Amino acid sequence: QFPRECVTPEGLRSGQCCPSPAETPNDPCGSSTGRGQCVAVVADGRPHGPQYPHDGRDDRERWPLRFFNRTCQCNGNFSGYNCGRCRHGFTGVNCDQPVSVVRRNVMLLNPDEKRAFVNALDQAKRTVHPDIVIATRRYQEIFGPDGNTMQFQNITIYNYFVWSHYYSVSKTYLGPGQESFGGVDFSHEGPGFVTWHRFHLLQLERDMQDMLQDPSFALPYWNFAIGGSTCDICSDDLLGASSFDLNSISSNSIFSQWRVICESVEDYDTLGTICNSEDRAHCRKSGTESSPIRRNPAGNVARPMVQRLPQPQDVADCLELSAFDTPPFYSTSSESFRNSIEGYSAPQGNYDPVIRSLHNLAHLFLNGTGGQTHLSPNDPIFVLLHTFTDAIFDEWLRRHSPDGTVYPLENAPIGHNRMFNMVPFWPPVTNAEMFVTAPENLGYSYEAEWPARPYTLTEIITLAVVAALVVVAVIFAATTCAVRTRSYTKLEGRQPLLGEQYQRYSDEHDKTQSVV
Ligand SMILES: O=C(O)c1cc2cc(O)c(O)cc2[nH]1
Ligand SMILES: [Cu+2]
């Protein structure tokens, strides 16, 4: 969430996080080289929806003002917390060369590419994030018991991906002995669902490119809309086969060795603590290491509705919805593309509380770690499930070319207004910044084929009218030709040279007879 340089007692007390790029020390935001400048953070203060009634109680409100109020604002294509790097989609010393990566279907990677992807994920699970540290306490307790022991920790690249999802969905702590408030979610059940998860993935992809020193590294995707009850990516060359005990991953997969973080939610919610990378709460209680990933695709016999994956037609149907989102911009919205792809309404748009479709259905199908919001990214299938969700979002943007103004400016659930800075990312980035087509604006594209769009009624009528006109024109032309041929022969027949008259007449007469 915050750069390591910024979380000193002085840094946090000043509210300023404007570090210098590595190449130019003592030059906040690289201002001497024109990279950027230190400015006041702009945070959305417009009204949010009625779901959250506890204003003033949560560190994530008007993010990131509870922690910092000054940040680097980078010029041109420069980017990053110190303006020391390039915006997504650009490279080179001056960040003026466009670059783009291609996200491909994971099933179509060759064996070497599959192995490289699995190894890259495993490396990310073990590599400490070079820049970012996470808070282990709420702001109120962040300076530690003596006022000078900052409550921040290192975290690995992949665990930061897990932690940021957990932090965005966690409940609001209301005080000792009080039940935490769960009606809050900064990344689901609102328009921000698609934009938040888009940035979440971009950040992991960028961190992995840096880790691998390979700017062409791209996250692949899982087309989960294949119907049926088989997890096709659950094999040992990819995300791990199912183990014999049916609730874990085969020991032939590296992912059977992964340990989950953020699983002690009851502690966080009752003690007001925060998930952390050295979470020993579980160890203390059970005397064991924290748990492995649990997964049992299609195995939820208690919920037959989530034993099958979405159908290809579900994707085609949700892409047809023309409204991005509809009031109340929540999990109860109808005729909303966002609520359909998220999966709280039917793919065709109608809201029904018992329905789980598309993205939600894919999560619940996994039946285990990947199906619980506070834990789901611990299962690396999350990455592939969400790149596909993002691919559908990008195809929707391409087909409908929406104006940025279709994204609600106010009255969306807290965290989901257009200009809200997404929690817990740093430097601040708004939902609006992710509401743009990826290939043109964000430096990545999807290699995917989409179901052809069926014709609308207007298009069918137009086509029918055009076809009718063509038929009429052809008949008219044919009739005209026939009539002209006949009158021509008659004309010719009446004007023979005198000496030839009888013979010519009989010849032409035979021909005309046979044509007619
Ligand atoms: O119950 C649901 O619909 C559900 C579970 C779940 C888990 C998860 O990680 C999500 O991102 C969404 C989600 N929805
Ligand atoms: Cu999800």
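Note that ligands are numbered from 1 as they come in the structure, with each ligand's atoms numbered from 1 the same way. Here the structure is a predicted model, which is why all the values come from computation and not from measurement.
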Can you confirm whether the thiol sulfurs of Cys72 and Cys17 sit closer than 2.5 Å? no
Enumerate the protein N/O/S atoms at a distance below 2.8 Å from the Cu ion (ligand 2), ignoring waters. His359 NE2, His363 NE2, His386 NE2
Under 3.5 Å: N/O of His188 near N/O of ligand 1: yes
Any chance you could measure Ile134, atom CD1, to Asn159, atom CG, to the nearest 0.5 Å? 8.5 Å
Do Arg103 and Tyr444 form a cation-pi contact, if we require the NZ or CZ to be under 6.0 Å from the six-membered ring centre and within 45 degrees of the ring's axis? yes
Donor-acceptor contact below 3.5 Å, side chain Arg418 vs main chain Tyr407: yes
Considering only heavy atoms of Gly371, which atoms of ligand 1 have at least one such atom less than 4.0 Å away? 5 (C), 6 (C), 7 (C)
Supply the atom-to-atom distance Lys125 NZ to Ile254 CD1, rounded to the nearest 0.5 angstrom. 11.5 Å
Centroid-centroid under 6.0 Å between Trp196 and His165 rings: yes
Spacing of CD1 belonging to Ile392 relative to CD1 belonging to Ile341, to within rounding of 0.5 Å: 3.5 Å
Would you compute the distance between atom CZ of Phe420 and atom CZ of Phe186 and round it to the nearest 0.5 angstrom? 5.0 Å
Side chains of His48 and Asp55: donor-acceptor distance under 3.5 Å anywhere? yes
In ligand 1, the atoms that come under 4.0 Å of a heavy atom of Asn360 are 3 (O), 4 (C), 12 (C), 13 (C), 14 (N)
Quick check: does Ser376 get an N/O under 3.5 Å from an N/O on ligand 1? yes
If hydrogens are left out, which of His374, Arg356, Gln372 has an atom nearest to atom 1 (O) of ligand 1, that is, the closest non-hydrogen atom? Arg356
Using a 4.0 Å heavy-atom cut-off, say whether Leu375 meets ligand 1 through its side chain, its backbone, both or neither. neither
Straight-line distance of Ser79 OG to His88 NE2, nearest 0.5 Å: 6.0 Å
So for ligand 1, is Arg303 a polar contact partner (N or O within less than 3.5 Å, distance only)? no
Among all protein non-hydrogen atoms, which one is nearest to atom 8 (C) of ligand 1, and what is the separation to 0.1 Å? Thr373 CG2, 3.4 Å
